[in-house]
Amino acid sequence: MLQLNYIRENAEEIIQRLKIKNFDAGDIVKEIIIKDNLRRETQKTLDDTLSQANKLARQIGILFKSGKTEEANALKEQSTKLKKQSQVMGDKLSTIIKELNKLIVQLPNIPHQSVPQGKLAKDNKIISEEIHEIPLHDQALPHWELATAYDIIDFDLGSKVTGAGFPFYKSKGAKLQRALISFFLDEAINNGYEEYQPPLMVNEDSAFGTGQLPDKDGQMYHIESDNLYLIPTAEVPITNIYRDMILKSEDLPIKNVAYSSCFRREAGSYGKDVRGLNRLHLFDKVEIVQVQHPDRSHETLDKMCEYVASLCRKLELPFRIAKLCGGDLSFASALTYDFEVYSAAQKKWLEVSSVSNFESFQSSRMKLRFKDKDGKTKLAHTLNGSALALPRIVAAILENNQTPNGIRIPGILHEYTGFKMITK
RNA sequence: GGAGAGGUGGCCGAGUGGUUUAAGGCGCACGCCUGGAAAGUGUGUAUCCUGAGUGAAUCGGGAUCAAGGGUUCGAAUCCCUUCCUCUCCGCCA
């Protein structure tokens with residue numbers, strides 16, 4: 001969420017820069033400024049009235065104590081009147097504030113200066129590519145067929161027991177999942193991240209804090225009886241650790257890593273893009289989260305990207321990095337790099353990680369602040385990235401490493417899997 | 001799930017309707033003292049909104065004692081609702 005002061009002072013610039021996100025903020029910003037003026041006016045009148053009432057109440061107290069009951073009773077009448085006034089104004093003020101918040105929450109984060117123009121994913125700018133030849137044999141199969149052929153993932157069983165998009169992983173398929181999770185966690189820990197194991201459900205405040213509510217409401221599973229949300233990513237609980245906190249500047253950067261299941265309704269997606277592991281309602285992911293000083297957050301974003309790239313390299317996967325264009329950038333993000341690995345049998349690039357700097361957008365919602373060296377309290381910057389999401393990595397590993405004799409496991413994982421090949 | 005006790009500043013803790021403008025302590029920061037330190041001593045020590053000044057210091061108003069509502073001229077204090085913590089019982093991996 002953008003800061004009210006910032007909107008007030010930079011209205012024109014905000015409108016211009018949000019155009020890169022293909023968002024027309026003109027009307028909303030105008031209305032915010034009008035509402036905000038009204039808010040301040042109303043607040044001033046209310047505060048003055050309350051101030052009078054407070055003074056009177058004190059006087060009455062003193063009069064009662066010194067036995068001047070009649071005088072006190074006379075003042076009471078005045079005080080009652082003021083009270084009624086302030087009640088009316090208070091209601092008005094809270095209505096205005098509610099309306100104002102509703103408006104502010106509609107504004108997406110401002111894209112970083114470097115975000116390229118564009119509307120769709122095809123307008124994203126590929127900024128680097130590390131590819132190598134994947135020699136596939138004649139009978140090469142897409143991963144969903146490999147999964148059945150080697151009996152390592154069972155999609156039908158998932159459909160029977162739960163529904164589409166909830167696969168079972170079996171035997172070496174299950175072991176491969178565990179191996180990847182451990183590998184990703186160990187790598188992150190070696191890079192200075194602290195491991196957390198978060199709750200898989202969060203309350204409404206947390207879902208709002210990281211920006212899932214109100215705009216992605218339908219994408220989360222909601223448990224109505226307890227008003228809890230199943231997390232779509234560990235980003236939500238891990239970032240919300242710091243909600244309503246004022247950190248010390250020496251606490252920064254905070255580097256956390258968490259493995260979690262991720263639950264996504266994925267309402268409205270069908271077709272060949274969702275085959276096999278390409279899109280699931282439930283999947284596993286290791287997520288890295290950082291809280292950083294505003295001056296250093298973009299430097300940190302680059303480091304996080306370099307880290308994610310190192311994972312792809314170690315897994316011997318061809319990958320490329322795209323800087324998202326304005327139109328593809330998420331609501332809360334200022335700058336995002338997408339990582340895609342090449343899945344040879346599908347002949348497709350699969351998105352496996354999204355590394356973003358939210359700048360102060362999440363912090364503002366969460367009231368995540370820090371005391372800077374100059375003694376001032378400022379909003380911190382938050383960043384996160386998948387490092388990495390399992391299903392598509394698994395898809396790419398299976399497809400790219402298939403041989404007539406079985407599926408080869410990348411060397412770096414051998415100590416985690418305990419086997420080098422998946423055979424029939 | 002049932003019964004009971006609670007939730008006060010960074011932390012501990014006093015406070016059951018009116019100089020509480022939240023005591024006192026610890027911690028922290030700065031100063032004094034000291035050859036240096038400890039001890040001692042003094043001062044300061046939340047957040048948000050807002051007005052004047054003005055992108056500084058400063059001065060003023062309002063809000064916040066888990067959250068929200070209510071009673072009252074006046075609420076940390078009384079009442080209601082929700083959330084959370086602890087103890088006992090029940091259930092249970």
Side-chain angles (χ1 to χ4, degrees), chain A residues 1-11 13 32-101 103-105 197 199-209 213 223-229 237 240-252 254 294 360 363-380:
Chain A
M1 156 171 114
L2 301 178
Q3 293 285 91
L4 191 50
N5 282 343
Y6 185 78
I7 299 172
R8 210 191 290 152
E9 284 160 27
N10 304 279
E13 193 196 336
I32 286 173
I33 288 170
I34 293 168
K35 277 260 148 64
D36 183 46
N37 286 335
L38 188 61
R39 179 199 124 244
R40 280 191 288 173
E41 225 172 84
T42 312
Q43 171 137 18
K44 182 82 182 94
T45 332
L46 174 64
D47 284 355
D48 289 347
T49 312
L50 285 174
S51 175
Q52 277 183 57
N54 286 344
K55 258 185 220 154
L56 258 145
R58 250 172 269 147
Q59 274 177 36
I60 293 169
I62 292 164
L63 288 173
F64 269 126
K65 272 211 162 160
S66 51
K68 296 174 184 166
T69 317
E70 267 179 48
E71 281 180 57
N73 281 330
L75 286 181
K76 265 197 197 180
E77 272 178 51
Q78 237 188 91
S79 193
T80 309
K81 218 169 155 189
L82 283 175
K83 204 210 166 176
K84 273 181 193 153
Q85 273 178 34
S86 64
Q87 230 161 15
V88 173
M89 267 184 284
D91 289 349
K92 191 177 157 194
L93 183 64
S94 60
T95 309
I96 293 169
I97 290 172
K98 260 184 214 149
E99 288 169 352
L100 197 52
N101 283 336
L103 289 168
I104 294 174
V105 157
Q197 208 172 97
L200 303 182
M201 299 172 200
V202 294
N203 58 30
E204 215 176 322
D205 286 344
S206 295
F208 177 81
L213 291 180
I223 298 153
E224 258 175 68
S225 53
D226 298 295
N227 196 23
L228 294 173
Y229 293 87
N240 271 283
I241 293 171
Y242 306 99
R243 173 153 51 81
D244 290 318
M245 277 178 99
I246 300 177
L247 303 164
K248 296 188 205 113
S249 68
E250 59 264 32
D251 294 337
L252 304 176
I254 288 167
S360 59
S363 307
S364 164
R365 289 185 170 209
M366 279 190 290
K367 297 188 175 65
L368 194 188
R369 290 157 295 172
F370 72 101
K371 204 159 260 252
D372 207 350
K373 296 240 163 69
D374 60 14
K376 286 197 176 147
T377 305
K378 299 172 184 168
L379 292 171

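Order of the sequence lines sets the chain letters (A, B, ...), proteins ahead of strands, with each chain counted from 1. Note that the structure is predicted; figures quoted are calculated from it, not measured.
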When the [atom1] atoms of [N] and [M] are considered, how many whole Å apart are they?
| N | M | atom1 | value |
| --- | --- | --- | --- |
| rU21(B) | rA63(B) | P | 12 Å |
| rC26(B) | rC83(B) | C1' | 30 Å |
| rG15(B) | rG1(B) | P | 34 Å |
| rA93(B) | rG17(B) | P | 50 Å |
| rU71(B) | rU8(B) | P | 27 Å |
| rA66(B) | rC84(B) | C1' | 7 Å |
| rC89(B) | rU82(B) | P | 26 Å |
| rC32(B) | rA23(B) | P | 28 Å |

key: L379(A) to F370(A) - nearest heavy-atom pair and separation   =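 Taking L379(A) first and F370(A) second, the nearest heavy atoms are O-CE2, 3.5 Å.
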
task = Kindly give the heavy-atom pair with the smallest separation between A11(A) and I33(A), and that separation in Å.
result =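 Here A11(A) and I33(A) meet closest at CB-CD1, 3.6 Å.
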
If I take atom [atom1] in residue [X] and atom [atom2] in nucleotide [N], what distance separates them, rounded to the nearest angstrom?
| X | N | atom1 | atom2 | answer |
| --- | --- | --- | --- | --- |
| D205(A) | rU82(B) | CG | P | 18 Å |
| I104(A) | rC49(B) | CD1 | P | 12 Å |
| D226(A) | rG1(B) | CG | C1' | 14 Å |

ask   = Taking only residues two or more places apart in sequence, or in another chain, which ones meet I246(A) in a side-chain contact (heavy atoms from CB on, under 4.5 Å)?
value =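 Residues passing side-chain contact (heavy atoms from CB on, under 4.5 Å) with I246(A): R369(A), T377(A).
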
key: salt bridge (charged side-chain N to carboxylate O under 4.0 Å, His left out) against D244(A), all qualifying residues, sequence neighbours excluded   = none

ask   = Could you run down nucleotides 43-48 of chain B 5' to 3' and tag each one B, S or - for protein heavy-atom contact under 4.0 Å?
value = ----SS

task = For nucleotides 59-80 of chain B, just jot down a letter per nucleotide in 5' to 3' order: B, S or -, based on protein non-hydrogen atoms under 4.0 Å.
result = --BSS--------BBS------

request  = Inspect the contact between D36(A) and R39(A) and indicate whether a charged nitrogen and a carboxylate oxygen are less than 4.0 angstrom apart.
outcome  =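 A salt bridge is present here (some side-chain N lies under 4.0 Å from a carboxylate O).
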
message = For the residue pair S206(A) / N203(A), report whether a side-chain donor-acceptor contact shorter than 3.5 Å exists.
response = yes

task = Could you pull out all residues at least two apart from R40(A) that satisfy side-chain hydrogen bond (donor to acceptor under 3.5 Å, both in side chains)?
result =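 Counting only residues at least two positions away or on another chain, R40(A) forms a side-chain hydrogen bond (donor to acceptor under 3.5 Å, both in side chains) with N37(A).
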
ask   = For R8(A) and rU50(B), is the shortest distance between a side-chain N/O and OP1 or OP2 below 4.0 Å?
value = yes

message = Using a 6.0 Å cut-off, check whether atom CD of E250(A) has over 12 heavy atoms from anything other than its own residue.
response = yes

Show me the donor-acceptor pairs, under 3.5 Å and distance only, between side chains in residues 76-89 of chain A and residues at least two apart or in other chains.
{"unit_1": "T80(A)", "atom_1": "OG1", "unit_2": "K76(A)", "atom_2": "O", "d": "2.8"}
{"unit_1": "S86(A)", "atom_1": "OG", "unit_2": "L82(A)", "atom_2": "O", "d": "3.3"}
{"unit_1": "S86(A)", "atom_1": "OG", "unit_2": "K83(A)", "atom_2": "O", "d": "2.9"}

